[in-house]
Amino acid sequence: MSAMSNSPFSRRSLFRAAAGMTAAGTLAACGSNTGRAGGSSGTNLTQYFHAYGEEGTEPAIKRYAKAYKGANVTTQWITAADFENKLFATLLTDNAPDLFEFHPQIQMVKSGQVADLTDIVEPVKADFNPADIASHTVDGKIYGVRMIDDPQFFFYRPSLLEKAGVKVPETLDELIEAAAKLTTGKVKGLYLGNDLHAVINPMIWSAGANTLDDKNQIAYHTPGVIEGIKKMRKLFTSGDLLLGAPTDYWDPSALNQGLCAIQFCGMWAMPQFQKVLGDDIGVFPFPKTIDSGKQSVTNGGWSMFVNAKGKNVDAAKEYVKWLWIEQKKYQEEWATSYGFHIPPRTSIAQSAAKLKSSLPAEGVKLFNEFGHFDNIGWTQAMITALEDVFANSVRKDGDPEASLDKADIAVNRELKKLFG
């Protein structure tokens with residue numbers, strides 16, 4: 001889906017990780033139609049959404065709001081490229097939204113920006129994916145309600161791999177070799193996105209490392225990650241990687257238009273891939289960075305938050321409860337009718353017919369086996385620090401150890417501010 005993703009970035013964390021998610025389609029611009037709902041209450045609420053690329057998403061969100069009778073809900077549908085800046089700038093003003101979608105970030109909790117939603121989530125907590133609950137929990141309190149989970153993996157055309165005598169890669173070395181064999185003429189073997197940011201976290205996880213450990217200490221600075229960075233540099237300079245594509249990784253156009261044979265993308269784009277390529281499409285997780293690592297799948301997604309500094313906190317919480325906890329029909333529709341996403345509610349995920357067969361079922365299987373979720377303590381400054389590592393040591397020829405040392409300084413500075 002558009003960037004129906006998240007990660008501290010995760011997919012798509014279109015905004016947090018600069019990779020984001022606005023997949024598969026032309027983004028709607030922010031216009032004058034605010035989608036005022038026709039609720040019976042005199043209470044007015046405003047919600048912010050980024051402009052998803054999938055057709056039908058904006059009418060759906062406004063239709064849900066109109067069906068709510070507890071308040072008049074206005075929807076601001078904001079151009080994806082402007083979303084994060086507008087959201088955080090507006091939160092500082094009297095025109096701040098009452099509720100908004102974003103990704104779990106501990107700074108918003110520590111600053112008192114987002115309301116505690118434990119009371120509305122707790123009764124159904126057992127029905128949510130435990131990892132989604134954990135990624136929204138600080139000191140035992142739950143901030144935010146997950147709307148969709150957005151796994152990301154490699155999409156490939158089996159016919160091209162068969163023709164080139166290439167098996168599905170299970171290691172990063174095999175992926176590099178496959179990219180070389182699949183590069184023919186104007187077709188590149190592999191596309192990872194224009195800035196490579198989307199694959200930073202899975203490369204770390206597939207090296208057997210992590211961004212932070214369970215004590216919120218640096219866990220990414222390992223020999224395996226250093227080896228992975230060197231391999232990514234080899235891939236970047238190989239001539240087998242598609243660079244400067246017309247659209248970024250979240251859009252399926254690169255693979256669909258024959259610009260590459262394998263593309264990193266998100267589950268949200270499966271319908272577009274299937275529409276163009278039919279059955280000639282498969283998926284596989286990010287391969288093992290090193291032999292002792294493990295394949296991984298980034299789980300992005302989007303969550304709904306209530307502005308704790310707003311004028312109608314209780315009313316906003318009631319709307320979130322109504323739509324994202326009580327209205328299972330709308331939740332399933334949102335997850336499966338506009339691109340494919342996995343509902344964070346276990347009961348919905350298990351009953352969603354569109355996810356039970358073919359490519360979506362394989363995506364769910366990879367998500368369940370290899371998925372990694374957001375760490376709420378992994379902040380934008382930390383994300384940027386590792387993006388700088390890739391800029392210096394993958395896109396340029398800098399020393400990975402020195403680049404990671406520099407990142408450590410920035411990350412530890414943030415950790416000290418957040419956790420003392």
Side-chain angles (χ1 to χ4, degrees), residues 1-5 10-12 21 23-25 52-57 60 129 147-164 166-170 175 178 182 190-191 198 202 249-287 295-301 328-329 331-372:
M1 231 175 186
S2 107
M4 268 183 151
S5 162
S10 122
R11 161 203 131 309
R12 249 163 47 174
M21 296 168 185
Y52 287 86
E54 293 81 349
E55 183 179 356
T57 49
N129 187 314
M147 300 182 293
I148 48 171
D149 283 325
D150 269 331
Q152 300 159 57
F153 15 64
F154 285 101
F155 289 78
Y156 69 100
R157 295 184 58 184
S159 64
L160 296 182
L161 269 66
E162 182 178 358
K163 182 178 179 181
V166 173
K167 70 172 187 175
V168 174
E170 296 183 2
L175 181 64
L182 292 164
L190 180 64
Y191 182 47
Y249 87 101
W250 40 258
D251 188 291
S253 297
L255 185 60
N256 279 348
Q257 294 177 4
L259 301 180
C260 62
I262 302 174
Q263 175 181 346
F264 191 75
C265 195
M267 188 167 172
W268 59 85
M270 279 184 178
Q272 287 80 14
F273 282 124
Q274 292 176 310
K275 181 178 181 180
V276 174
L277 302 174
D279 293 332
D280 191 22
I281 185 71
V283 291
F284 63 89
F286 196 95
Q295 295 167 301
S296 68
V297 169
T298 297
N299 176 52
K328 287 192 172 185
K329 180 180 178 180
Q331 292 163 39
E332 179 174 346
E333 177 189 319
W334 184 241
T336 63
S337 294
Y338 312 102
F340 288 152
H341 316 264
I342 298 177
R345 300 284 293 275
T346 303
S347 60
I348 302 175
Q350 291 177 343
S351 65
K354 293 181 180 180
L355 303 181
K356 287 185 176 297
S357 62
S358 182
L359 197 64
E362 180 64 19
V364 172
K365 179 182 176 182
L366 295 180
F367 166 85
N368 288 332
E369 186 173 356
F370 301 115
H372 289 259

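Numbers here are sequence positions counted from 1.
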Would you name the heavy atoms of [X] and [Y] that are closest together and state the gap between them?
X      : Y      : answer
Thr298 : Pro202 : OG1-CD, 3.3 Å
Glu332 : Ala352 : OE2-CA, 3.5 Å
Pro343 : His341 : CD-O, 3.6 Å
Gln295 : Pro285 : NE2-CG, 3.6 Å
Tyr191 : Ala254 : CD2-CB, 3.6 Å
Ala178 : Val166 : CB-CG1, 3.5 Å

Given 3.5 Å as the limit, does a donor-acceptor pair link the side chain of [X] with the main chain of [Y], or not?
X      : Y      : answer
Ser337 : Trp334 : no
Gln272 : Pro252 : no
Lys356 : Gln350 : yes
Gln331 : Met147 : no

With a 4.5 Å heavy-atom cut-off, do [X] and [Y] have their side chains touching?
X      : Y      : answer
Met270 : Phe155 : yes
Met267 : Pro360 : yes
Ser358 : Gln274 : yes

Nearest 0.5 Å, please: how far is [atom2] in [Y] from [atom1] in [X]?
X      : Y      : atom1 : atom2 : answer
Leu182 : Ile262 : CG    : CD1   : 5.0 Å
Asn129 : Thr346 : CG    : OG1   : 6.0 Å
Leu255 : Gln263 : CG    : CD    : 5.5 Å
Ile342 : Ile348 : CD1   : CD1   : 13.0 Å

>> Pair Leu355, Phe367 - check side-chain contact (heavy atoms from CB on, under 4.5 Å), show working.
In response: CA-CA 12 Å; Leu355 303 181; Phe367 166 85; over 6 Å; no
> Given Val364 and Phe340, is the side-chain contact (heavy atoms from CB on, under 4.5 Å) satisfied, shown in steps?
Replying inline: CA-CA 10 Å; Val364 172; Phe340 288 152; over 6 Å; no
>> Test side-chain hydrogen bond (donor to acceptor under 3.5 Å, both in side chains) on Lys328 and Ser347; report intermediate values, then the result.
In response: CA-CA 9 Å; Lys328 287 192 172 185; Ser347 60; 2.9 Å; yes
> Where do Glu362 and Leu366 land on the side-chain contact (heavy atoms from CB on, under 4.5 Å) test, with the steps shown first?
Replying inline: CA-CA 6 Å; Glu362 180 64 19; Leu366 295 180; 3.9 Å; yes
> So which pairs with a foot in residues 253-281 pass salt bridge (Lys or Arg N to Asp or Glu O under 4.0 Å), sequence neighbours left out?
Replying inline: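 Of all non-adjacent pairs touching residues 253-281, those that pass salt bridge (Lys or Arg N to Asp or Glu O under 4.0 Å) are Arg157-Asp280.
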> Among Phe154, Phe153, Phe370, which residue meets the ring pair (Phe, Tyr, Trp, His ring centres under 6.0 Å) test with Phe286?
Replying inline: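 Per the ring pair (Phe, Tyr, Trp, His ring centres under 6.0 Å) rule, the option paired with Phe286 is Phe154, out of Phe154, Phe153, Phe370.
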